[in-house]
Amino acid sequence: MITILDYGAGNVRSVRNALIKLGCQVKDAVSADDVIKADKLVFPGVGSFGLVMSQLVKDGYVEPLLERIRQNRPFLGICVALQAFFEGSEESPGIAGLGVLPGQVKRFSVSPLSVPHIGWNDIKLGKSCSLFQDYKGEKMYFVHSYHGLLDNVPEQWRLAATDYGEEFVSAICQGNVAAFQFHPEKSGTAGLNILKHFVEEERITVSNNPADTLKKIPKTQIAKRIIACLDVRSNDQGDLVVTKGDQYDVRESGEVRNLGKPVELASRYFEEGADEITFLNITGFRDFPLTDQPMLDVLKKTSEKVFVPLTIGGGIREFTDSQGTFHNSLEVASEYFRSGADKISIGSDAVYIAENYRRSGKASGTSSIEQISQVYGAQAVVISVDPRRVYVQSPGQTSHHTIETEEPGPGGEKYCWYQCTVKGGREGRDLDVIELVTACEKLGAGEILLNCIDKDGTNSGFDLELIGHVRDAVSIPVIASSGAGSAAHFYQMFSRTDAEAGLAAGIFHREEVRICDVKALLAEKLIPVR
Ligand code: 1PR
């Protein structure tokens, strides 16, 4: 029996699904006694350090947790749960951690690398450990902005480190007590194997290698991510299908294109090696997300089979339902996290928020971006951008951020700006892509999903000028999206821009290109992939 310490973290469902996949019986800790007496305790944590610690204090779990660690009873912490071992964190000044390890957790300051550290990176194991007996050097999935300093970790606790501009502790272990900064429940089969050894083995064994082992292991490298995107909507018969637009037009001879069933396609992409999977409910702006049971079911079913990160977007905003009940966006996002999402993506609402922010010049504190990132962490909030080019003869013709383009306009115009749209490209706004992404970063977003209406479904390659334009303007990761027609387009994009990830839909749905083909070409070209 595995007991989960569920304080409402976003990834609890993913951890529960992974343990159930491993054949475990799982129950939630409901009392301090459970925390101490549980055979094996798993503590999944995402979100802010302060939120985690204040929840533990509120539930009276701090002392029982410390007692469990003192009694060396089997314990596995994930992500923020590792950070909670330290005395405190820069993320939440004045809030005490468990204090098992000395020192403060720090925010990454690794420019020009983007923060949060989102993606697949290696771990340097300094000791051999029974939890890693099947480990063959696979990359693990990380999603965090703060980290513990290796120097603060006493030798007897050090297990693994990882590099991301600076070296940080990615695993600790002493006796039967272990914790990881990475997410084993979202690190594919390799991650499940590590969880399996925690579940199956009576106790954790660690053999000491020479203390300087870690120093001898070469720096780790984060991989470029390959993401499969499933644009989902109900067709005219009311079935939820995966569809795909050409420049956002999803109809073919009047019918909604049907490219397959969401759960099946997502499972196929997981098997084929996708690093992440994104669902975009493209008519979400019309629906009441909390009553959109079919989409929630797709997420629940997918999260039982897919052990890489899941992002869900479409319709995430505050709304008043048909009974006149008001629902804030945090409620909507929480329902998606509880249903298995690891990240949520905000589209139209982000445009309205950025417009308000630019008008008022200050954060409202109530926007969906602010509310959700404060509770679940910036790394859980993706902004899905739907821009289209507007050509101008000269930059002076507009107040918007323009670029000089190598792809002149219909009238030979050498300049253009990128107009933001809402409602799935149906409505253009007086806001450019730079005004949008910079406002959203300031308000707490953790990643940009940069689509391009002009390129969507064209198989003509990514809009490299747009990607460079946005990558230079923000310090959060950018996912390049729209237009991929071949594996070579991914190589072109990763070799000519600093985007952290590449996303495609049509070529994967139509099986014109497989995810493994893209990765094989990138690896051949020495672009790091998982
Ligand atoms: O505005 O918060 O309700 O979110 C709606 C979301 O759905 C937005 O993120 C928007 O990007 C997306 N969306 C809305 N309408 C459409 C449409 O196609 N009619 N799809 C749409 C956007 C963009 C990508 C696509 C890439 C790759 N599609 O998701 O996967 O362009 O495609 P490709 O590789 O085939 O070129 P809200």
Side-chain angles (χ1 to χ4, degrees), residues 226-233 235 241-252 256-257 259 262 265 269 274 276-289 292 295 311-319 329 332-333 336 343-354 367-369 372 381-388 420-427 429 433 436 440 445 447-463 466-467 479-487 489-490 493 501-513 515 518:
I226 307 303
I227 301 175
C229 184
L230 292 75
D231 294 356
V232 175
R233 61 159 288 170
N235 63 10
V241 299
V242 173
T243 187
K244 187 66 226 13
D246 283 349
Q247 298 179 323
Y248 288 40
D249 175 3
V250 298
R251 288 188 177 274
E252 200 158 16
V256 171
R257 270 195 205 94
L259 294 166
L265 269 182
Y269 295 140
E276 291 185 22
I277 289 166
T278 296
F279 288 109
L280 291 178
N281 174 358
I282 67 172
T283 53
F285 68 94
R286 283 196 199 123
D287 314 333
F288 290 149
D292 187 351
M295 198 65 226
T311 301
I312 176 100
I316 295 186
R317 65 192 189 287
E318 62 187 29
F319 71 100
S329 52
V332 176
Y336 279 127
K343 300 191 267 185
I344 54 95
S345 119
I346 303 172
S348 306
D349 199 37
V351 173
Y352 305 133
I353 292 167
S367 72
S368 54
I369 299 172
I372 302 167
V381 180
V382 181
I383 303 301
S384 179
V385 182
D386 303 312
R388 67 162 59 88
C420 293
T421 69
V422 292
K423 303 175 186 154
R426 291 172 178 76
E427 189 187 314
R429 305 289 291 192
V433 71
L436 172 67
C440 292
E447 194 166 31
I448 300 294
L449 165 51
L450 184 57
N451 307 304
C452 175
I453 295 177
D454 311 281
K455 287 285 188 176
D456 176 58
T458 62
N459 283 21
S460 61
F462 296 95
D463 185 330
L466 168 63
I467 298 162
I479 302 169
S481 163
S482 306
S486 64
H489 284 150
F490 280 86
M493 183 273 290
L503 172 154
I507 52 173
F508 296 150
H509 304 337
R510 295 184 299 267
E511 301 190 64
E512 292 161 5
V513 177
I515 292 169
V518 173

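Counting starts at 1 for both ligands and their atoms, following the listed order. Everything numeric in this text was worked out from a predicted model, so none of it was measured.
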Which protein non-hydrogen atom lies closest to [atom], naming both residue and atom, and how far is it?
{"atom": "atom 2 (O) of ligand 1", "result": "G347 N, 2.9 Å"}
{"atom": "atom 18 (O) of ligand 1", "result": "Y248 CA, 3.5 Å"}
{"atom": "atom 35 (O) of ligand 1", "result": "G506 N, 2.9 Å"}
{"atom": "atom 34 (O) of ligand 1", "result": "A505 N, 2.9 Å"}
{"atom": "atom 4 (O) of ligand 1", "result": "G314 CA, 3.4 Å"}
{"atom": "atom 9 (O) of ligand 1", "result": "S384 OG, 2.6 Å"}
{"atom": "atom 13 (N) of ligand 1", "result": "I282 CG2, 3.4 Å"}
{"atom": "atom 20 (N) of ligand 1", "result": "D231 OD2, 3.3 Å"}

If you compare all heavy atoms of [X] against all heavy atoms of [Y], which two are closest, and at what distance to 0.1 Å?
{"X": "N459", "Y": "A484", "result": "OD1-O, 3.5 Å"}
{"X": "I227", "Y": "F508", "result": "O-CE1, 3.9 Å"}
{"X": "P262", "Y": "L230", "result": "O-CD2, 3.5 Å"}
{"X": "S384", "Y": "N451", "result": "OG-ND2, 3.0 Å"}
{"X": "L436", "Y": "A354", "result": "CD1-CB, 3.7 Å"}

Using atom types as modelled and distance alone, determine if a side-chain donor or acceptor of [X] lies under 3.5 Å from a backbone N or O of [Y].
{"X": "D456", "Y": "Y248", "answer": "yes"}
{"X": "S348", "Y": "K423", "answer": "yes"}
{"X": "H509", "Y": "G506", "answer": "no"}
{"X": "R388", "Y": "G425", "answer": "yes"}

Any nitrogen or oxygen of [X] lying under 3.5 Å from a nitrogen or oxygen in ligand 1? Just yes or no.
{"X": "N281", "value": "no"}
{"X": "S348", "value": "yes"}
{"X": "S345", "value": "no"}
{"X": "G315", "value": "yes"}
{"X": "R426", "value": "no"}
{"X": "A484", "value": "no"}

Does some non-hydrogen atom of G245 fall short of 4.0 Å from ligand 1?
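Outside the 4.0 Å threshold, so no.
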
Please confirm whether G483 comes under 4.0 Å of ligand 1, counting heavy atoms of the residue only.
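Contact check G483 vs ligand 1: positive.
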
Within this structure, what is the CG-CG distance for the pair D454 and D463, rounded to the nearest 0.5 Å?
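Reported to 0.5 Å precision, the distance equals 7.0 Å.
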
Are R233 and V256 packed together at the side-chain level, in the sense that at least one heavy-atom pair is separated by less than 4.5 angstrom?
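They are in contact (side-chain heavy atoms under 4.5 Å apart), so the answer is yes.
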
Is any side-chain heavy atom of V381 closer than 4.5 Å to one of I346?
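Side-chain contact under 4.5 Å: yes.
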
Examine the proximity of ligand 1 to [X] and report which part, side chain or backbone, both or neither, has a heavy atom under 4.0 Å away.
{"X": "D386", "answer": "side chain"}
{"X": "K244", "answer": "side chain"}
{"X": "N451", "answer": "side chain"}
{"X": "C229", "answer": "side chain"}
{"X": "S481", "answer": "side chain"}

Option of least heavy-atom distance to atom 6 (C) of ligand 1 (set: T421, L280, T458, V351)
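Comparing heavy atoms across T421, L280, T458, V351, the nearest one to atom 6 (C) of ligand 1 lies in L280.
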
Only heavy atoms count here, so choose which of G424, G461, S482 is nearest to atom 15 (N) of ligand 1.
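Looking at heavy atoms only, G424 sits closest to atom 15 (N) of ligand 1.
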
Within a distance under 4.0 Å of any heavy atom of A504, pick out the atoms of ligand 1 and give their elements.
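Taking each heavy atom of A504 in turn, ligand 1 has 34 (O) under 4.0 Å.
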
Mind running side-chain contact (heavy atoms from CB on, under 4.5 Å) on L280 and C229 for me, showing each step along the way?
CA-CA 7 Å; L280 291 178; C229 184; 3.8 Å; yes

Would you call R257-D246 a salt bridge at under 4.0 Å N-O?
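Between D246 and R257 there is a salt bridge, with a charged N closer than 4.0 Å to a carboxylate O.
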
